[in-house]
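Everything on this sheet refers to the single structure shown next.
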Amino acid sequence: MSFRRLGLQNWRNFVALDVALQRRAFLVGSNASGKSNLLDVFRFLRDVASSGGGFEEAVRSRGGVSRIRSLAASRDPSVEIRVVVGDSSDEWQYLLRFRQEPRGQRRAYVEEEKVWRGGDLILARPDAGDKQDRARLTQTHLEQITANVKFRELAEFFATVSYLHVVPQSIREGILSAREHDPYGSDLIERIARTPARTRDARLNRIRKALKVALPQLTDLELWQDERGVPHLRGKYENWRDKGVWQGEREFSDGTLRLTGLLWSLLEPGGPLLLEEPEISLHPGVVEHVPQVLAQMQLRTGRQTLISTHSPDLLRDAGIGLDEVLVLEPGSEGTQVRRVVDIPELRELVDGGVPLAEVVLPETRPAEASQLPFYAR
């Protein structure tokens with residue numbers, strides 16, 4: 001399953017949005033245009049559907065409805081999320097509309113929740129029970145196993161969404177303070193250690209081969225345990241010694257750790273993977289091949305990947321489709337999101353032979369960026 005379409009109303013940067021999604025999508029925009037906030041929509045659905053989460057906690061952890069609701073919104077106090085999931089043979093639609101309680105109360109409540117499967121409406125709220133007991137509207141049916149029987153498949157899909165923005169220092173310190181499902185990577189080595197040995201070794205071998213392209217001196221990559229039984233990741237590097245030298249994760253470069261975390265996450269089974277600027281700390285010569293890596297991994301795992309980026313190198317891959325690139329354009333009435341294939345003037349430039357990166361990135365550059373050096377005097 002994958003997200004095929006996303007619609008938003010009054011969600012953070014986006015007053016109104018309706019865009020089709022491919023199994024791979026690149027989000028391109030200026031700073032503060034809303035790339036992270038767009039990815040956060042899928043994290044929000046994950047949080048609502050996940051065990052131990054729920055609607056109230058998902059809203060609370062984001063600062064309440066007042067923080068989620070777009071600053072550019074006019075009179076409509078509600079926030080709305082609409083997604084189309086699945087494929088042409090089995091299509092789901094989910095709509096969640098919510099707002100903050102009136103009269104100064106900060107509690108969020110569900111204003112509307114609907115589920116369709118193949119065009120058939122199978123859930124419509126508020127229902128009679130909600131009208132008799134308004135407290136029921138502080139929860140979605142999505143998160144309740146007694147209420148989501150007819151669409152549990154959809155709820156389980158939302159719960160498989162994962163977000164990754166590897167912070168190398170989190171991996172280095174994760175041995176002492178790992179957090180489960182940490183998007184910053186503190187639990188990376190624990191996840192590797194929990195993987196059955198045969199699968200783990202096969203994945204590490206594939207990662208070693210990929211890393212060797214960027215690090216020719218790397219000859220081996222393995223999981224090992226110290227004298228206390230604590231797992232570590234270590235690599236063997238060729239040097240003047242006959243047998244080379246082993247280095248642990250604390251000695252790995254930031255780029256090596258980020259690329260290792262990215263590759264491991266791509267090899268793990270799961271639902272849609274949200275990647276935040278995977279080019280950070282990586283050499284441009286490596287970055288330009290990341291889209292091909294994503295495509296190859298998708299063939300193996302089927303995972304949908306949504307990627308935010310500022311990198312021209314990442315967009316140089318000739319295999320990127322114009323329907324895979326989403327351009328975020330901020331304005332006084334919120335950020336607009338359009339696919340390159342739907343922007344005639346950009347599509348014509350690409351069709352005429354201008355590289356995609358040279359077409360898209362100037363569209364997202366701040367108009368007054370050239371003035372920045374004057375403020376450093």
Side-chain angles (χ1 to χ4, degrees), residues 3-21 32-50 53-85 92-117 121-144 147-148 151 154-155 158 161 326 328-338:
F3 290 102
R4 298 180 58 211
R5 195 168 198 93
L6 172 66
L8 297 174
Q9 182 176 314
N10 295 341
W11 173 274
R12 297 191 185 269
N13 300 65
F14 310 98
V15 174
L17 179 151
D18 183 23
V19 66
L21 298 171
S33 61
K35 297 185 298 297
S36 296
N37 287 338
L38 188 60
L39 293 180
D40 192 46
V41 176
F42 306 104
R43 295 175 69 189
F44 181 84
L45 292 173
R46 188 269 316 271
D47 293 348
V48 171
S50 296
F55 171 67
E56 282 192 287
E57 175 58 23
V59 172
R60 186 205 63 78
S61 65
R62 289 165 174 79
V65 176
S66 60
R67 293 290 183 90
I68 295 174
R69 183 175 177 270
S70 176
L71 295 176
S74 54
R75 296 182 178 181
D76 188 350
S78 303
V79 178
E80 182 175 298
I81 300 171
R82 305 181 309 279
V83 291
V84 177
V85 170
W92 295 87
Q93 294 185 54
Y94 180 75
L95 179 147
L96 177 63
R97 185 176 176 88
F98 60 94
R99 62 186 295 178
Q100 189 169 289
E101 286 278 10
R103 297 180 297 277
Q105 299 183 44
R106 297 183 59 83
R107 198 173 191 182
Y109 73 95
V110 175
E111 191 173 21
E112 187 176 10
E113 184 181 23
K114 291 183 177 180
V115 179
W116 295 264
R117 185 173 191 177
L121 183 65
I122 59 177
L123 173 72
R125 300 181 69 201
D127 55 23
D130 296 327
K131 294 174 182 177
Q132 291 181 358
D133 183 4
R134 189 173 174 79
R136 288 166 42 127
L137 292 173
T138 60
Q139 294 183 327
T140 65
H141 277 11
L142 186 71
E143 66 201 81
Q144 302 173 39
N148 68 13
F151 55 96
L154 183 64
F158 288 161
V161 171
L326 308 183
L328 279 69
E329 305 167 320
S332 59
E333 297 184 0
T335 294
Q336 303 296 313
V337 179
R338 295 190 293 169

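Values reported hereafter were calculated over all heavy atoms of this structure, with side chains retained and with hydrogens, waters and symmetry mates removed. Keep in mind that this is a model prediction, so the values were computed, not measured.
- Across all non-hydrogen atoms, the minimal contact from Leu328 to Gly34 is CD2-C, 3.6 Å.
- Under a cut-off of 6.0 angstrom, the local environment of CD in Gln144 is crowded, with over 12 non-hydrogen atoms contributed by other residues, nucleotides or ligands.
- Evaluated for a salt bridge (charged side-chain N to carboxylate O under 4.0 Å, His left out) with Asp76, the options Arg99, Arg97, Arg69 yield exactly one hit, Arg97.
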Report the C-alpha distance between Val110 and Thr138 in whole Å, list the side-chain angles of each, state the deciding distance to 0.1 Å, and finish with yes or no for side-chain contact (heavy atoms from CB on, under 4.5 Å).
-> CA-CA 6 Å; Val110 175; Thr138 60; over 6 Å; no
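- Between Leu45 and Val161 there is no side-chain heavy-atom pair separated by less than 4.5 Å.
- Expressed to the nearest 0.5 Å, how far OG of Ser36 lies from CZ of Arg43 amounts to 8.5 Å.
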Go through the steps to decide whether Asn148 and Leu123 satisfy the test side-chain contact (heavy atoms from CB on, under 4.5 Å), and finish with yes or no.
-> CA-CA 9 Å; Asn148 68 13; Leu123 173 72; over 6 Å; no
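- In terms of heavy atoms, Leu95 sits closest to Trp116 at CB-CZ3, 4.0 Å.
- Interatomic distance, Leu38 CG to Leu8 CG, rounded to the nearest 0.5 Å: 6.5 Å.
- Expressed to the nearest 0.5 Å, how far NE2 of His141 lies from CG of Leu96 amounts to 12.0 Å.
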With side-chain contact (heavy atoms from CB on, under 4.5 Å) as the test, would you mind laying out the steps for Phe14 and Val19 before giving the verdict?
-> CA-CA 12 Å; Phe14 310 98; Val19 66; over 6 Å; no
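- Residues Arg5 and Arg82 form no side-chain contact, since every pair of their non-hydrogen atoms from C-beta on lies 4.5 Å or further apart.
- Nearest heavy atom pair, residue Val65 against residue Ala108, reads CG2-CB, 3.5 Å.
- Residue Ser33 comes nearest to Thr335 through the heavy atom pair O-OG1, 2.8 Å, listed as atom of the first residue, atom of the second, then distance.
- Closest approach of Ala49 to Leu142, counting heavy atoms only: CB-CD2, 4.1 Å.
- For Tyr94 and Phe151, the ring centers sit 6.0 Å or farther from each other.
- In this structure the side chain of Val79 never reaches within 4.5 angstrom of the side chain of Phe44, judged on heavy atoms.
- In this structure, Ala58 and Ser61 approach most closely via the heavy-atom pair O-OG, 3.1 Å.
- A donor-acceptor pair is defined here as one N or O able to donate and one able to accept, closer than 3.5 Å; such a pair exists between the side chain of Glu143 and the backbone of Thr140.
- Using cut-offs of 30° and 60° for the angle between ring planes, the Phe55 and Phe98 rings count as perpendicular.
- Not one N or O on the side chain of Asn10 forms a donor-acceptor pair closer than 3.5 Å with the backbone of Pro77.
- At least one side-chain heavy atom of Trp92 sits less than 4.5 Å from a side-chain heavy atom of Ile122.
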What do the steps show when you test Phe3 against Val41 for side-chain contact (heavy atoms from CB on, under 4.5 Å), and what is the final call?
-> CA-CA 12 Å; Phe3 290 102; Val41 176; over 6 Å; no
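- Distance check, rounded to the nearest 0.5 Å: CD of Gln132 to CG of Asp127 gives 9.5 Å.
- Note that the CZ atom of Arg125 and the CG atom of Leu137 stand 5.5 Å from one another [nearest 0.5 Å].
- For the atom pair OG of Ser70 and CD of Glu333, the computed distance is 10.5 Å after rounding to the nearest 0.5 Å.
- With contacts defined as side-chain heavy-atom distances shorter than 4.5 Å, the pair Trp11/Leu17 does not qualify.
- A donor-acceptor pair is defined here as one N or O able to donate and one able to accept, closer than 3.5 Å; no such pair exists between the side chain of Asp18 and the backbone of Gly7.
- Judged by distance alone, the side chain of Arg12 and the main-chain N or O of Asn37 form no donor-acceptor pair under 3.5 Å.
- Paired with Ser78 under the rule side-chain hydrogen bond (donor to acceptor under 3.5 Å, both in side chains), one option of Glu111, Glu112, Gln100 passes, and it is Glu111.
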